Amino acid sequence: MFEQSQIQEYKEAFTIIDQNRDGIISKDNLRDVLATMGQLNTSNEELEAMVKEASSPINFTVFLTMFGEKLKGADPEDVIVSKVLDPGATGFIKKEFLEELLTTQCDRFTAEEMTNLWAAFPPDVAGNVDYKNICYVITHGEDKDEA
(Lines give C-alpha, C1' and ligand atoms only; values in the text may rest on other atoms or scores of the structure.)
Protein backbone atom coordinates (compact mmCIF):
# COMPACT_ATOMS: atom_id res chain seq x y z
CA MET A 1 0.00 0.00 0.00
CA PHE A 2 2.89 2.39 0.78
CA GLU A 3 6.29 2.91 -0.80
CA GLN A 4 9.34 2.14 1.35
CA SER A 5 10.16 5.85 1.71
CA GLN A 6 6.62 6.54 2.97
CA ILE A 7 6.86 3.70 5.49
CA GLN A 8 10.10 5.21 6.79
CA GLU A 9 8.42 8.62 7.16
CA TYR A 10 5.51 7.04 9.04
CA LYS A 11 7.98 5.18 11.26
CA GLU A 12 9.66 8.48 12.12
CA ALA A 13 6.27 10.04 12.89
CA PHE A 14 5.29 7.04 15.02
CA THR A 15 8.55 7.33 16.96
CA ILE A 16 7.95 11.04 17.60
CA ILE A 17 4.42 10.37 18.87
CA ASP A 18 5.44 7.33 20.98
CA GLN A 19 7.42 9.48 23.39
CA ASN A 20 7.77 6.84 26.10
CA ARG A 21 9.11 4.38 23.48
CA ASP A 22 6.92 1.47 24.57
CA GLY A 23 5.80 0.69 20.99
CA ILE A 24 2.19 1.79 21.61
CA ILE A 25 0.60 5.20 21.05
CA SER A 26 -1.43 6.03 24.15
CA LYS A 27 -3.66 8.91 25.24
CA ASP A 28 -0.73 10.43 27.09
CA ASN A 29 1.45 10.22 23.97
CA LEU A 30 -1.26 11.95 21.94
CA ARG A 31 -1.73 14.63 24.61
CA ASP A 32 2.02 15.34 24.64
CA VAL A 33 2.40 15.54 20.86
CA LEU A 34 -0.69 17.74 20.52
CA ALA A 35 0.70 20.04 23.21
CA THR A 36 3.97 20.40 21.28
CA MET A 37 1.87 21.56 18.30
CA GLY A 38 0.08 24.15 20.41
CA GLN A 39 -3.12 22.25 21.23
CA LEU A 40 -2.93 22.49 24.99
CA ASN A 41 -6.55 21.93 26.01
CA THR A 42 -7.41 18.57 24.45
CA SER A 43 -9.98 16.86 26.66
CA ASN A 44 -9.74 13.27 27.86
CA GLU A 45 -12.87 12.50 25.85
CA GLU A 46 -11.25 13.75 22.64
CA LEU A 47 -8.12 11.70 23.35
CA GLU A 48 -10.22 8.60 24.14
CA ALA A 49 -12.07 9.03 20.85
CA MET A 50 -8.77 9.21 18.96
CA VAL A 51 -7.41 6.06 20.58
CA LYS A 52 -10.72 4.23 20.05
CA GLU A 53 -10.50 4.77 16.29
CA ALA A 54 -8.15 1.79 16.34
CA SER A 55 -9.52 -1.69 16.85
CA SER A 56 -6.57 -2.59 19.10
CA PRO A 57 -3.66 -0.85 20.84
CA ILE A 58 -1.93 1.42 18.34
CA ASN A 59 1.37 -0.24 17.49
CA PHE A 60 3.22 0.62 14.28
CA THR A 61 1.26 -1.88 12.16
CA VAL A 62 -2.08 -0.51 13.39
CA PHE A 63 -0.75 3.03 12.87
CA LEU A 64 0.10 2.24 9.22
CA THR A 65 -3.27 0.58 8.66
CA MET A 66 -5.08 3.62 10.09
CA PHE A 67 -3.15 5.94 7.78
CA GLY A 68 -3.93 3.71 4.81
CA GLU A 69 -7.64 3.83 5.62
CA LYS A 70 -7.59 7.61 6.14
CA LEU A 71 -5.65 8.26 2.94
CA LYS A 72 -7.74 6.00 0.72
CA GLY A 73 -9.19 8.24 -1.94
CA ALA A 74 -7.16 11.27 -0.83
CA ASP A 75 -5.55 13.49 -3.42
CA PRO A 76 -1.82 13.03 -4.04
CA GLU A 77 0.61 15.53 -2.50
CA ASP A 78 1.08 17.55 -5.71
CA VAL A 79 -2.68 18.00 -6.09
CA ILE A 80 -3.04 19.13 -2.48
CA VAL A 81 -0.18 21.61 -2.91
CA SER A 82 -1.70 23.00 -6.08
CA LYS A 83 -5.16 23.35 -4.50
CA VAL A 84 -4.00 24.88 -1.23
CA LEU A 85 -0.71 26.67 -1.78
CA ASP A 86 -0.55 27.34 -5.49
CA PRO A 87 -3.97 27.21 -7.18
CA GLY A 88 -2.58 28.99 -10.26
CA ALA A 89 0.26 26.42 -10.57
CA THR A 90 2.83 29.20 -10.82
CA GLY A 91 5.45 27.60 -8.58
CA PHE A 92 5.34 30.71 -6.40
CA ILE A 93 3.42 31.80 -3.31
CA LYS A 94 3.24 35.15 -1.57
CA LYS A 95 5.93 35.82 1.02
CA GLU A 96 3.34 36.97 3.58
CA PHE A 97 1.33 33.76 3.19
CA LEU A 98 4.38 31.51 3.61
CA GLU A 99 5.59 33.55 6.58
CA GLU A 100 2.19 33.26 8.25
CA LEU A 101 2.16 29.48 7.76
CA LEU A 102 5.69 29.03 9.06
CA THR A 103 5.24 31.23 12.12
CA THR A 104 1.78 30.07 13.23
CA GLN A 105 1.61 26.33 12.49
CA CYS A 106 3.21 23.30 14.21
CA ASP A 107 6.96 23.79 14.76
CA ARG A 108 6.86 27.59 14.43
CA PHE A 109 9.72 29.55 12.92
CA THR A 110 11.25 32.32 15.02
CA ALA A 111 11.84 35.83 13.68
CA GLU A 112 15.53 34.95 13.25
CA GLU A 113 14.68 31.80 11.28
CA MET A 114 12.41 33.84 9.01
CA THR A 115 15.20 36.39 8.47
CA ASN A 116 17.56 33.54 7.55
CA LEU A 117 14.98 32.03 5.18
CA TRP A 118 14.48 35.31 3.34
CA ALA A 119 18.26 35.83 3.16
CA ALA A 120 18.67 32.41 1.54
CA PHE A 121 15.54 32.60 -0.63
CA PRO A 122 14.65 36.24 -1.23
CA PRO A 123 11.21 36.97 -2.67
CA ASP A 124 11.00 38.65 -6.04
CA VAL A 125 9.98 42.31 -6.42
CA ALA A 126 6.30 41.32 -6.39
CA GLY A 127 6.70 39.49 -3.05
CA ASN A 128 6.55 35.98 -4.54
CA VAL A 129 8.61 33.08 -3.19
CA ASP A 130 9.77 30.10 -5.26
CA TYR A 131 8.53 27.44 -2.81
CA LYS A 132 9.51 24.61 -5.17
CA ASN A 133 13.15 25.71 -4.97
CA ILE A 134 12.96 25.91 -1.17
CA CYS A 135 11.50 22.38 -1.03
CA TYR A 136 14.17 21.11 -3.40
CA VAL A 137 16.98 22.56 -1.31
CA ILE A 138 15.47 21.13 1.89
CA THR A 139 15.17 17.64 0.38
CA HIS A 140 18.32 17.62 -1.79
CA GLY A 141 20.68 20.00 -0.05
CA GLU A 142 21.54 22.35 -2.91
CA ASP A 143 19.92 25.07 -4.95
CA LYS A 144 18.33 23.49 -8.03
CA ASP A 145 19.25 26.54 -10.07
CA GLU A 146 22.90 25.72 -9.37
CA ALA A 147 22.56 21.95 -9.84
Side-chain angles (χ1 to χ4, degrees), residues 1-118 120-121 123 127-144 147:
M1 175 178 3
F2 296 112
E3 295 176 18
Q4 191 59 41
S5 61
Q6 291 174 303
I7 293 172
Q8 183 58 39
E9 288 176 11
Y10 289 129
K11 183 65 175 170
E12 290 172 20
F14 181 88
T15 302
I16 290 168
I17 297 168
D18 180 24
Q19 295 187 0
N20 63 0
R21 306 293 186 255
D22 67 354
I24 303 292
I25 294 177
S26 66
K27 274 188 342 185
D28 290 334
N29 294 145
L30 289 174
R31 178 180 286 111
D32 291 344
V33 80
L34 288 169
T36 63
M37 294 188 300
Q39 260 189 295
L40 301 174
N41 299 319
T42 309
S43 71
N44 275 331
E45 292 76 24
E46 291 171 302
L47 294 168
E48 296 261 348
M50 289 180 208
V51 171
K52 286 182 180 176
E53 284 188 40
S55 56
S56 61
I58 306 172
N59 61 23
F60 183 63
T61 303
V62 172
F63 184 77
L64 268 184
T65 303
M66 291 174 74
F67 265 94
E69 290 170 358
K70 295 283 184 189
L71 293 176
K72 204 174 288 180
D75 288 332
E77 180 180 353
D78 60 331
V79 173
I80 293 169
V81 167
S82 68
K83 286 180 179 177
V84 176
L85 294 180
D86 188 16
T90 63
F92 294 90
I93 58 176
K94 288 292 183 188
K95 173 190 176 201
E96 293 79 17
F97 179 59
L98 182 59
E99 189 162 328
E100 180 183 345
L101 288 174
L102 294 175
T103 58
T104 63
Q105 306 298 314
C106 295
D107 193 9
R108 298 176 179 115
F109 276 42
T110 64
E112 181 182 357
E113 289 169 322
M114 291 309 306
T115 300
N116 292 339
L117 177 69
W118 300 139
F121 303 100
N128 297 310
V129 178
D130 180 353
Y131 72 88
K132 288 184 176 185
N133 189 43
I134 295 171
C135 292
Y136 184 89
V137 171
I138 290 170
T139 58
H140 293 87
E142 59 186 68
D143 194 334
K144 73 177 178 185

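Note that the numbering runs from 1 along the sequence shown for the chain. Everything quoted here is computed from the prediction, not taken from an experiment.
If you take CD on E96 and CG on N128, they are separated by 9.0 Å, rounding to the nearest 0.5 Å. Atom NZ of K132 and atom CG of D86 lie 6.5 Å apart (nearest 0.5 Å). The NZ atom of K95 sits 7.5 Å away from atom CE of M114, with the distance rounded to the nearest 0.5 Å. Atom-to-atom distance recorded for I16:CD1 and K11:NZ is 12.0 Å, nearest 0.5 angstrom. With rounding to the nearest 0.5 Å, the separation of CG in D22 from CD1 in I24 is 6.0 Å.
Ring geometry for Y10 against F67 counts as tilted: the plane angle lies between 30° and 60°, on a 0 to 90° scale.
Side-chain contact between L101 and L85 is present, with heavy atoms from C-beta onward closer than 4.5 Å. In this structure, I17 and I58 have side chains that are not in contact, with every pair of non-hydrogen atoms separated by 4.5 Å or more. The side-chain heavy atoms of E99 and W118, taken from C-beta on, include a pair separated by under 4.5 Å. The shortest side-chain heavy-atom distance between I7 and F60 falls under the 4.5 Å cut-off. When side chains are defined from C-beta on, E113 does not count as touching L102, because their heavy atoms never get closer than 4.5 Å. Side-chain atoms of E46 and L34, non-hydrogen and from C-beta on, never get closer than 4.5 Å to each other.
In this structure, the side chain of E69 does not engage the main chain of M66 through any donor-acceptor pair within 3.5 Å. A donor-acceptor pair under 3.5 Å is absent between the side-chain atoms of N29 and the main chain of D18, judged by distance alone. When atom types are taken as modelled, the side chain of R31 and the backbone of S26 share no donor-acceptor pair closer than 3.5 angstrom.
Heavy-atom minimum distance, V62 versus P57: CG2-O, 3.6 Å. The shortest non-hydrogen separation linking T15 to R21 is O-NH1, 2.5 Å. The shortest non-hydrogen separation linking A13 to F63 is CB-CZ, 4.4 Å. Between R108 and T103, the shortest heavy-atom distance links the atoms CD-O, 3.3 Å.
Other residues, nucleotides and ligands contribute more than 12 heavy atoms inside 6.0 Å of the CG atom of N44.
Residue F121 is tested with I134, D130, N116, L98 for a side chain to side chain contact (heavy atoms under 4.5 Å, CB included); the sole match is I134.
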Practice problem: Mind running side-chain contact (heavy atoms from CB on, under 4.5 Å) on T61 and L64 for me, showing each step along the way? | Solution: CA-CA 5 Å; T61 303; L64 268 184; 5.9 Å; no
